[in-house]
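As structure tokens, the structure follows; a few thoughts come after it.
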Amino acid sequence: MDHLQETGLRKAKWPVPQFVSGLWASFSTTGLIVGVLFFAASLTPSLIPRPYVIQAVISGLSLSAGYAIGVSLRWLWSYLELPDVRPRTGLIVKLLAALGCSLVVLTFLWRTAEWQNTVRTIMGLDPVESAEPFKLGLIAALVFIFIVLLARLFRLTFRFLSKRFEYVLTRPLAKFAAIAAAIALFWSATDGVIFRYALHAADSSFQRLDALIDPDVAPPTDPTKTGSGASLMTWDELGRQGRQFIASGPNAQDIGAFFGEPAKEPLRVYAGLNSADTAKERANLALEELKRVGGFERSNLMIVVPTGTGWIDPPGVDSLEYLLKGDVASVAVQYSYLTSWLSLLVEPEYGAETADALFDAVYGYWTTLPKDKRPKLYLYGLSLGSMNSQGSVDPFDIISDPFQGALWVGSPFPTKTWLSITRNRNPGSPEWRPLYRDGSVIRFTTQENALNIPGAEWGNVRIVYLQYASDPITFFDPHSFYREPDWMKAPRGHDVSPDLRWFPVVTMFQLLADMAMGTTTPIGYGHVYAPEHYVDSWMQVVDPPGVTADDAERLKALLKGRY
């Protein structure tokens, strides 16, 4: 239909300037219709509230994807030699299509603020009066035009190479070689120049940030603190996140005052990227530091795997130190300067290598100690730290001498252990809050405490997954490109908009943007986990002696007011 429309434009004696008619005819009617439908669908809500700039980029990408699909369908129609409209009808069809597409675009742009407010209301945010529809539409159009121009540059490159290859190859082979060469050329330009330059810039930026020393965070004088004069590591070697981790948290006086009884000083050990050259060396250094400060003489020991930058969520550790009345030691090793989502994309194996090395070092030494004198061993990780912590454990290696429990929070969608458990959940339980077997080893919870399962009794190992249904880092699904994810089906999590709908291709773009925006939500939604939910989870994992339900509620109020 489209090529005949173009022919019709050329034959007709319309008083239209040549450049306008050329531009008008260069676009596919079918592509624009499908593209506008995708654009409209992209304006509906997903998991995270979005500013208009982010929404515009999503909409521009969706428009481009829909346009490409429409062009492909039009090509298939012509390839199958199916009947076309008459040439003189082409311009009328295009004008009607333009009018209809404009009405659809204006209608959906007008409703964008309303849809965004369904998510904002759930998360306790003030509603927006406007989603800046004109600015949104303009940016989306610019994104679309840029992608179209890039596609046309690719086509020109293909044609140029194809003609050159025809001097030495048959026409079919020349076209095949040209498409392969064009793809290789564009991929190398994107991956070898643009992507690597951007990654290098990000890495350098995060590295400089990691090296900054906050003047308010002084080196410790207590010899039991990592980075003190007695430590195996200097204060500078810990990095920014390591220094914050060591310097923060409750002390014995804080914990004692809360419970009205004497408490111990929690012990924290941290090895930064600059502490040693390799992951194994850093893990062994952390182990030696843990021995030095007396970590194995405590009743409880926790192996912490940080997020990508080396950050450890304060309420995740603080809440446990309160519940155990300070009788706990924590150890962590940094593996990256990059944020979790960047680290997950470019160096996922490096975080796994460090988590493996730390677990092997600490667990290996722990198993040599007398069982009646060694501490209880727990694992903890948030986000990428959760994925790497889970990956560090081989059930066959620990089955004869297991650790006591784990709290894994906001597990990213590629986490193999989490995926296996979720896919094999009990029939009828939702993906965002699964029930797994009899609940004796593994339980899931959300904002609403779901850990007290009627009739279920904990076994020797207690593993809790804390996750929110609105967390896109956990519930991004690459298969949403062509099928509806299970977590979208009823019953949904209470923190997910009832207006969220699945659309092929578009939903994947929405969730990709949600991942990048996952930590911009209020606490208790998205990828920002609230201290009160940590308290509920740790209460089940460690079953702290001498801590009542009233104590837990008081601790929730204390921590909630602090973060």
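Only a predicted model underlies this, so the values are computations on that prediction, with no experimental measurement involved.
- Looking only at atom types and distance, the side chain of Ser383 has no donor-acceptor partner in the side chain of Thr307 under 3.5 Å away.
- Taking the six-membered ring where the residue is Trp, Phe144 and Tyr67 present perpendicular rings, their angle passing 60° and hence far from 30°.
- Looking at Thr446 and Trp432, their side chains never bring a donor and an acceptor atom within 3.5 Å of each other.
- Contact check for Gln390 versus Lys416: no side-chain heavy atoms found under the 4.5 Å cut-off.
- Under the 3.5 Å distance criterion, the side-chain polar atoms of Arg152 are left unmatched by any main-chain donor or acceptor of Ile147.
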*Going through the checks in order, is the ring-ring contact (aromatic ring centres under 6.0 Å, His included) test met by Phe475 and Phe413?*
CA-CA 6 Å; Phe475 291 108; Phe413 67 94; over 10 Å; no
_Worked check of side chain to side chain contact (heavy atoms under 4.5 Å, CB included) between Leu76 and Ser72_ = CA-CA 6 Å; Leu76 180 62; Ser72 299; over 6 Å; no
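- From Ser389, atom OG reaches atom CG of Leu407 across 9.5 Å, with rounding to the nearest 0.5 Å.
- Here the side chains of Asp313 and Pro315 are in contact, with some heavy-atom distance below 4.5 Å.
- Of all the heavy atoms in Pro51 and Met517, the pair that sits closest is CD-CE, 3.4 Å.
- Between Thr157 and Phe186, some side-chain heavy-atom pair lies under the 4.5 Å cut-off.
- A distance of 9.5 Å separates CG in Asn117 from CD in Glu129, rounded to the nearest 0.5 Å.
- Among all heavy-atom pairs drawn from Ala177 and Leu169, the shortest one is CB-CD1, 4.1 Å.
- A donor-acceptor pair under 3.5 Å is formed between the side chain of Ser130 and the backbone N or O of Glu132.
- Between the side chains of Ser386 and Ser411, at least one donor N or O lies within less than 3.5 Å of an accepting N or O.
- Smallest separation of non-hydrogen atoms from Val104 and Ala40: CG1-CB, 3.9 Å.
- Side-chain contact between Val105 and Val36 is present, with heavy atoms from C-beta onward closer than 4.5 Å.
- No hydrogens or angles considered: nothing links the side chains of Asp356 and Ser392 as a donor-acceptor pair under 3.5 Å.
- In this structure the side chain of Ser336 never reaches within 4.5 angstrom of the side chain of Thr309, judged on heavy atoms.
- Between Ala131 and Tyr52 the shortest heavy-atom distance is O-CB, 3.3 Å.
- Within a 6.0 Å radius of OH in Tyr482, other residues, nucleotides and ligands contribute more than 12 heavy atoms.
- Scanning all heavy atoms of the two residues, the minimum distance from Leu125 to Pro522 falls at CD2-CG, 3.6 Å.
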*asked:* Evaluate Leu384 against Tyr335 for side chain to side chain contact (heavy atoms under 4.5 Å, CB included), listing each step before the verdict.
replied: CA-CA 11 Å; Leu384 191 58; Tyr335 55 87; 3.6 Å; yes
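- Contact check for Phe158 versus Lys175: side-chain heavy atoms found under the 4.5 Å cut-off.
- With no hydrogens or angles considered, no side-chain donor-acceptor pair links Thr112 and Gln116 at under 3.5 Å.
- At least one side-chain heavy atom of Tyr529 sits under 4.5 Å from a side-chain heavy atom of Leu382.
- Using modelled atom types, one side-chain atom of Trp502 and one backbone atom of Arg483 make a donor-acceptor pair closer than 3.5 Å.
- Under a 3.5 Å cut-off, the side chain of Asp471 and the backbone N or O of Gln467 do not form any donor-acceptor pair.
- Remark: side-chain polar atoms of Thr121 are not paired, donor with acceptor, to backbone N or O of Thr118 under 3.5 angstrom.
- Side-chain atoms of Gln334 do not come within 3.5 Å of backbone N or O of Gly272 as any donor-acceptor pair.
- The distance from atom CZ of Arg501 to atom CD of Glu484, rounded to the nearest 0.5 Å, is 9.5 Å.
- The main-chain N or O of Leu451 is found under 3.5 Å from a side-chain atom of Arg443 such that the two form a donor-acceptor pair.
- Using a 4.5 Å cut-off on side-chain heavy atoms (C-beta onward), Asn388 and Pro412 make no contact.
- Distance check, rounded to the nearest 0.5 Å: CD1 of Ile33 to CG of Leu96 gives 9.5 Å.
- Exactly one of Arg120, His527, Met123 qualifies for a side-chain contact (heavy atoms from CB on, under 4.5 Å) with Thr521. That residue is Met123.
- In this structure, Leu73 CG and Ile69 CD1 are separated by 7.5 Å, a value rounded to the nearest 0.5 Å.
- Between the side chain of Ser429 and the backbone N or O of Pro434 there is no donor-acceptor pair closer than 3.5 Å.
- With hydrogens and angles disregarded, a donor-acceptor distance shorter than 3.5 Å links the side chain of Gln510 to the backbone of Ser42.
- When each of Trp115, Phe38, Phe39 is tested with Phe108 by the rule ring-ring contact (aromatic ring centres under 6.0 Å, His included), just one qualifies, namely Trp115.
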*CA sep, side-chain torsions, deciding dist, call: Phe481, Phe509, side chain to side chain contact (heavy atoms under 4.5 Å, CB included)*: CA-CA 8 Å; Phe481 184 87; Phe509 286 138; over 6 Å; no
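- The pair Arg425-Asp486 meets the salt-bridge criterion, with a side-chain N (NZ, NE, NH1 or NH2) lying under 4.0 Å from an Asp/Glu carboxylate O.
- A salt bridge is absent between Glu166 and Lys163: the closest approach of a Lys/Arg side-chain nitrogen to an acidic carboxylate oxygen does not fall below 4.0 angstrom.
- One finds the OG atom of Ser537 at 4.5 Å from the CG atom of Leu466 (value rounded to the nearest 0.5 Å).
- For the residue pair Trp311/Gln244, the side-chain donor-acceptor check at 3.5 Å is not satisfied.
- A donor atom on one side chain and an acceptor atom on the other are not found under 3.5 Å apart for Tyr465 and Tyr436.
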*Could you walk me through whether Ser480 and Met488 pass the side chain to side chain contact (heavy atoms under 4.5 Å, CB included) check?*
CA-CA 10 Å; Ser480 61; Met488 283 191 180; 6.0 Å; no
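- In terms of heavy atoms, Gln447 sits closest to Gly524 at NE2-O, 2.9 Å.
- For the ring-ring contact (aromatic ring centres under 6.0 Å, His included) with His533, the lone residue among Tyr468, Phe444, Tyr525, Tyr563 that qualifies is Tyr468.
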